[in-house]
Amino acid sequence: MSEAVTSTSPPSLLASLDPLLRDWLPRQRWYAGKGRPVTGFSLVAATDLLPSEARLGLHHLLVRAHQQPVAATAAPEEPGDCYQLLIGTREALPPRLAPALIGHVTQGPLAGRTAYDALYDTRPAEVLLEALRTGARIGGLRFEREGEQEIRTGLVPRLMTAEQSNSSIVYGDTFILKLLRRIVPGVNPDLELPLALAREGCARVPAPAGWMVADLADRTWVLGVLQPYVQGATDGWELALRELAKGEDFVAEARALGRATAEVHTALARTLPTVTLGHGRIRQLADSMIGRLEEVARAVPVLRPYAPALRTAFTALGDLAAEGRTWTAQRVHGDLHLGQCLRSPSGQWSLIDFEGEPAKPLAERRMPQPPVRDVAGMLRSFDYAAHSAGAPAPGWAESCRAAYCTGYAEAGGHDPRTDPVMLRACETDKAVYEVLYEARHRPDWLAVPLSAVRRLSTPEPA
Ligand SMILES: Nc1ncnc2c1ncn2[C@@H]1O[C@H](COP(=O)(O)OP(=O)(O)O)[C@@H](O)[C@H]1O
Ligand SMILES: O=P(O)(O)O[C@H]1O[C@H](CO)[C@@H](O[C@H]2O[C@H](CO)[C@@H](O)[C@H](O)[C@H]2O)[C@H](O)[C@H]1O
């Protein structure tokens, strides 16, 4: 496969790491290609951030992982995913870095050294922050600053240990740097949307203070985003479960979350393009939802009996559009749920992680959508919280769902309940997505979206 490679590292660097990465990469939480063995790697870019002969070597690598194709379905030449790796090398690893171990290098220019995930280490994390602070250019890497936020020196880094799709380093409880692991060329909504919102004066997102990109073959690849760290924050999921465990309702917070979502949507619609969706575009939307339903039903047999009834949610949407109904579409969060909402100790809600559904292609994630898509995501999330509580108070999720819609309408959004056909279609689509997500990642949780599937496939009494 031919791909432009920029490198300030020895050409044989990847070859020397190859056998170690084959074992290590598929074990990482953020590795997206689960279930298919890695057949090899190719280098997309390599930049030395500290010289390899030093006591501590630091290599920034963009590496494509090639995998066995999925049976007969994938073309054999389909390119693998590209990952961002920060590889540290030392002669010996101190015990505190044991969890970061990748392995002992036995061949090539690094032979005799120990390779490890450098994000666990203080000095490499400091190198990244310093590069952001000074707006450095290193090889093909570009570090950019935004706004007036001062980035102090001496902020002590720590790698976050939470389950994540990417990797984040917190600096002195002041900033958080999210390093994207599976990267794609082009404008990444995880930078684009918070930046647009901050520039629009919307205080519902931590405003990006800097970011890191690679310029490769005329394309820009977003690699990381630095944002203020919301100290002492609790995410909505944790908070909801805490209230459930105490037997408390979550109505006031759900309403505040509805308001926060509407404020974000209003600001996004003000600053980024909106479009009117008429019959043709709505048919496309409904068809893509039907396509996902069929794909998930093929992959998860337990969904199959419900598919015909679920499908009516999507055909009803197409029918309404055929009667002349139109909708406004705009940029949205794309994967909004309680875990993406942070509540500061003063009670202010912020939204994070604007990446959208990670499995979707970037172009699709950046397309304007009916804002009800995000609303539907949050409504599903209240349902999830209630189910994971075991025995929630009757009506707990329903009261949250109603309060969330009320808050959304109060802050200028259209009350989603006045558009039941679009709401049902979006909620059904989300539940179908969740069936696949849970079947793949957390089979024990499959019953949660399946209970929604049962509800959504039973028509409401007229
Ligand atoms: N600005 C922030 N302030 C405080 N904590 C944050 C901030 N951004 C993210 N986090 C924490 O980091 C976790 C992971 O962030 P997220 O953007 O969702 O990463 P990922 O896409 O890797 O899942 C969040 O669940 C939250 O706990
Ligand atoms: O956190 P990510 O942005 O990677 O999102 C993925 O994982 C989520 C789970 O962590 C998943 O969310 C689902 O489970 C949540 C509870 O754990 C629940 O609040 C959400 O409503 C439910 O969709 C999300 O779908 C997935 O994209």
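Atoms within a ligand are numbered from 1 in the order they appear, just like the ligands themselves.
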On a heavy-atom basis, which atom in Ala452 and which in Ala431 lie closest, and how many Å separate them? CB-CB, 4.3 Å
Just by distance, no angles: are the side chains of Asp419 and Trp327 close enough, under 3.5 Å, to form a donor-acceptor pair? yes
Without placing hydrogens or testing angles, list every side-chain donor-acceptor pair under 3.5 Å for residues 240-248, not counting sequence neighbours.
from: Glu243; atom 1: OE2; to: Lys246; atom 2: NZ; distance (Å): 3.3

Please determine whether salt bridge (Lys or Arg N to Asp or Glu O under 4.0 Å) holds for the pair Lys430 and Asp335, giving the CA-CA distance in whole Å, both sets of side-chain angles, and the decisive distance to 0.1 Å. CA-CA 9 Å; Lys430 194 74 196 176; Asp335 192 16; 3.0 Å; yes
Atom 22 (C) of ligand 2: the protein heavy-atom neighbour that sits closest, reported with distance to 0.1 Å: Glu434 OE2, 3.4 Å
Examine ligand 2 and decide if any of its atoms is less than 4.0 Å from a heavy atom belonging to Ser165. yes
Atoms in ligand 2 with a heavy atom of Tyr433 nearer than 4.0 Å: 25 (O), 26 (C), 27 (O)
Just by distance, no angles: are the side chains of Arg181 and Ser165 close enough, under 3.5 Å, to form a donor-acceptor pair? no
Under a 4.0 Å heavy-atom limit, does Arg442 contact ligand 2 with its side chain, its backbone, both, or neither? side chain
Heavy-atom closest contact (Ser381 atom, Trp237 atom, distance): O-CZ3, 4.1 Å
So for ligand 2, is Trp237 a polar contact partner (N or O within less than 3.5 Å, distance only)? no
Nearest protein heavy-atom contact for atom 11 (C) of ligand 2: which residue, which atom, what distance? Tyr437 CE2, 3.9 Å
What I want to know is whether Asp335 and ligand 2 share at least one N or O pair that is separated by under 3.5 angstrom. yes
Option of least heavy-atom distance to atom 24 (C) of ligand 2 (set: Arg380, His337, His333): His337
Could you check Arg158 against Asp173 for salt bridge (Lys or Arg N to Asp or Glu O under 4.0 Å), going step by step and ending with a plain yes or no? CA-CA 9 Å; Arg158 70 180 155 87; Asp173 275 6; 2.7 Å; yes
Set of side chain to side chain donor-acceptor pair (under 3.5 Å) partners for Ser451, sequence neighbours left out: His387
Sub-4.0 Å atoms of ligand 2 with respect to non-hydrogen atoms of Asp353: 3 (O)
Tell me, which residues have any heavy atom less than 4.0 Å from some atom of ligand 1? Met160, Gln164, Ser165, Asn166, Ile176, Lys178, Pro206, Pro228, Tyr229, Val230, Gln340, Leu342, Ile352, Asp353, Glu355
Ser381, portion touching ligand 2 at heavy-atom distance under 4.0 Å: both
Pairs satisfying ring-ring contact (aromatic ring centres under 6.0 Å, His included), at least one member in residues 335-357, at least two apart: His333-Phe354
Provide the closest heavy-atom pair for Ala402 versus Arg417 in the form atom of the first, atom of the second, distance. O-NH1, 3.4 Å
Given the rule in the side chain to side chain contact (heavy atoms under 4.5 Å, CB included) test, do Val63 and Leu17 qualify, once you have shown the distances and angles that lead to the verdict? CA-CA 11 Å; Val63 167; Leu17 292 171; over 6 Å; no
One residue to check: Gln340. Relative to ligand 2, which of side chain, backbone, both or neither has a non-hydrogen atom less than 4.0 Å away? side chain
